[in-house]
Amino acid sequence: HGLTLSARARLASAMIDNSRNAEALAVLGPVCKTYGTAYGESHPATLNCLMLQARAARMAGTLAAANPPMDKALALAGRVLEEGEPAAAALFIEGAELRLAQGRAAEAQTLLEGVLAKATDAAVQTRAKGVLVDVLDARGNYASAETMAVELVDVQAKTLGASHPNTVAALTSLASLYRKEGRLADAEEVFRDAYQRFETPQVQFTAYVNHAHDDWAELWLEAGWPVAVLAALLLGWLLLAGVRAWRHHGSSPLSTLLPCAASVGPMLYLLHATVDYSLRTTANLCMFAFLCALLVPAARPSGGRATNGIL
C-alpha cells in the first residue's frame with residue numbers, strides 16, 4: 001500500500017538522520033523496487049527513494065555504492081526537472097553533493113547550473129547556490145564562489161533572518177573563502193559577524209562555572225570531611241608504600257629502581273594538584289593509577305617472597 005511504502009521511506013530517512021545508514025539501505029531496497037513497479041520509474045516517490053538510497057550509501061562512506069541509484073535517478077529525473085518539479089531539483093542537488101564528495105566537482109557544477117536554470121522554487125534555488133559555493137571553492141574559482149556566497153548571505157538574511165543557522169553557515173563559508181584568498185582581515189571581520197549572530201549578548205552569562213585550580217580545594221568543597229578522610233588514607237598508604245619500595249631489593253636493578261621511581265610520581269601529581277586540576281584529566285589520572293599499581297605488592301609466589309608492582 002502507498003501509505004506503507006511512504007512510512008517505510010520516512011523511517012529510512014530518520015535512520016539516515018541518526019547515522020543508521022546500513023539499516024536504512026536494507027529498508028530502502030525493497031521499497032524503491034516496489035515504488036518503481038507500482039508507480040513507475042520516473043514517479044517523484046520512486047526518485048525520492050533512489051535519492052535516499054544514494055544518500056545513505058554516501059553517508060556510510062561507500063561512495064561507489066551510491067552511484068547506481070543516483071545515476072538511475074538522475075537519468076529518470078530530467079523530464080520532471082524541465083517541468084520545475086522541486087523534488088527532482090532536490091535530487092539533482094543531492095547528486096551534485098555526491099559528485100563533490102567523489103572529487104568530481106566539474107560534474108557537480110554542471111548539475112547545479114542546470115537546477116539554477118530550470119527550477120523556480122526559491123528554497124531550491126537557495127540550496128543549490130549553497131552547494132555551488134562549495135563546488136566553486138573546490139575547483140579553486142574563489143572569485144565566483146565569493147560573489148555567490150555574498151549573494152547567498154543576503155538572501156538568507158532576508159528570508160530566514162540574520163541569526164538563522166543557515167545565514168551563519170553562509171557567513172562562515174564566505175569567511176573561509178576570504179581566508180583562502182589571503183584576505184585575512186576580511187575573513188576575521190566576517191567570522192566575528194557570524195560568531196556574534198550565533199552567540200548573541202542575550203544568551204551570554206556574566207558568570208560561569210569552572211573547576212577550581214586546586215583539586216584538593218574542589219574535593220573539600222564538593223564532599224567535605226568524608227573525602228578528607230579518604231585523602232588522608234591515600235596519603236598514608238602512599239607513604240607506607242614508598243618506604244617499602246625504597247627498602248625493597250629486587251633481583252635486578254630494574255626491579256629495585258622501578259618501585260622507587262613509582263613512589264615519587266604520585267607525590268608529584270598530588271603536589272601539582274594544589275595549583276591545577278590535573279587529576280581531572282583522564283590521561284593524568286590513568287598514569288597516577290598506573291604508578292600506584294606499581295607500588296602494590298605482587299602475589300607471593302610459593303616458597304618465595306612478595307615483590308613490588310608488576311615485576
Side-chain angles (χ1 to χ4, degrees), residues 1-135 138 160 165-166 169:
H1 192 277
L3 292 177
T4 304
L5 293 174
S6 177
R8 288 184 176 274
R10 289 197 300 270
L11 173 62
S13 179
M15 288 177 173
I16 295 171
D17 291 340
N18 287 279
S19 301
R20 297 165 57 185
N21 301 298
E23 296 174 67
L25 288 170
V27 171
L28 288 168
V31 171
C32 292
K33 183 177 180 180
T34 306
Y35 264 135
T37 303
Y39 295 94
E41 295 289 347
S42 59
H43 190 277
T46 307
L47 297 178
N48 182 68
C49 188
L50 291 171
M51 180 182 70
L52 288 175
Q53 263 191 316
R55 182 186 300 170
R58 175 169 65 87
M59 297 298 288
T62 54
L63 298 180
N67 279 329
M70 181 56 71
D71 291 343
K72 181 179 179 180
L74 291 175
L76 294 168
R79 181 182 61 81
V80 186
L81 180 61
E82 293 285 352
E83 300 170 357
E85 172 62 44
L91 189 150
F92 273 74
I93 296 173
E94 189 81 26
E97 290 179 325
L98 174 61
R99 298 293 187 263
L100 179 60
Q102 293 173 326
R104 299 156 64 182
E107 297 176 49
Q109 183 172 346
T110 300
L111 290 173
L112 292 169
E113 288 174 347
V115 171
L116 292 172
K118 299 171 184 176
T120 57
D121 185 80
V124 170
Q125 288 263 340
T126 300
R127 184 185 171 199
K129 288 178 181 179
V131 180
L132 185 55
V133 169
D134 294 333
V135 171
L160 301 175
N166 289 356

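By convention here, the first residue in the shown sequence is residue 1. Just the heavy atoms: all of them, side chains too, but no hydrogens, waters or symmetry mates, feed the values below.
- Separation of atoms CG (L98) and CE (M51) is listed at 12.0 Å; rounding is to 0.5 Å.
- The shortest heavy-atom contact between A101 and R58 is CB-CD, 4.3 Å.
- Residues that satisfy the side-chain hydrogen bond (donor to acceptor under 3.5 Å, both in side chains) test with R10, not counting sequence neighbours, are S6.
- Dense packing is recorded around CZ of R104, with more than 12 heavy atoms of other residues, nucleotides or ligands lying under 6.0 Å away.
- Considering L112, T110, L111 in turn, L111 is the only one that fulfils the side chain to side chain contact (heavy atoms under 4.5 Å, CB included) rule with F92.
- Taking CD of Q109 as the start and CG of L100 as the end, the distance is 11.0 Å to the nearest 0.5 Å.
- Pairing each heavy atom of N21 with each of M59, the nearest pair is OD1-CB, 3.4 Å.
- Residue R8 holds its CZ atom at 10.5 Å from CG of L28, rounded to the nearest 0.5 Å.
- How far CG of L52 is from CG of L25: 10.0 Å, rounded to the nearest 0.5 Å.
- Scanning all heavy atoms of the two residues, the minimum distance from A24 to M15 falls at N-SD, 3.7 Å.
- In this structure, CG in L5 is found 13.5 Å from NZ in K33, a value given to the nearest 0.5 Å.
- Rounding to the nearest 0.5 angstrom, the gap separating the CD1 atom in I16 from the CD atom in Q53 is 9.5 Å.
- Residues V135 and A105 approach most closely at CG1-O, 3.4 Å, considering heavy atoms.
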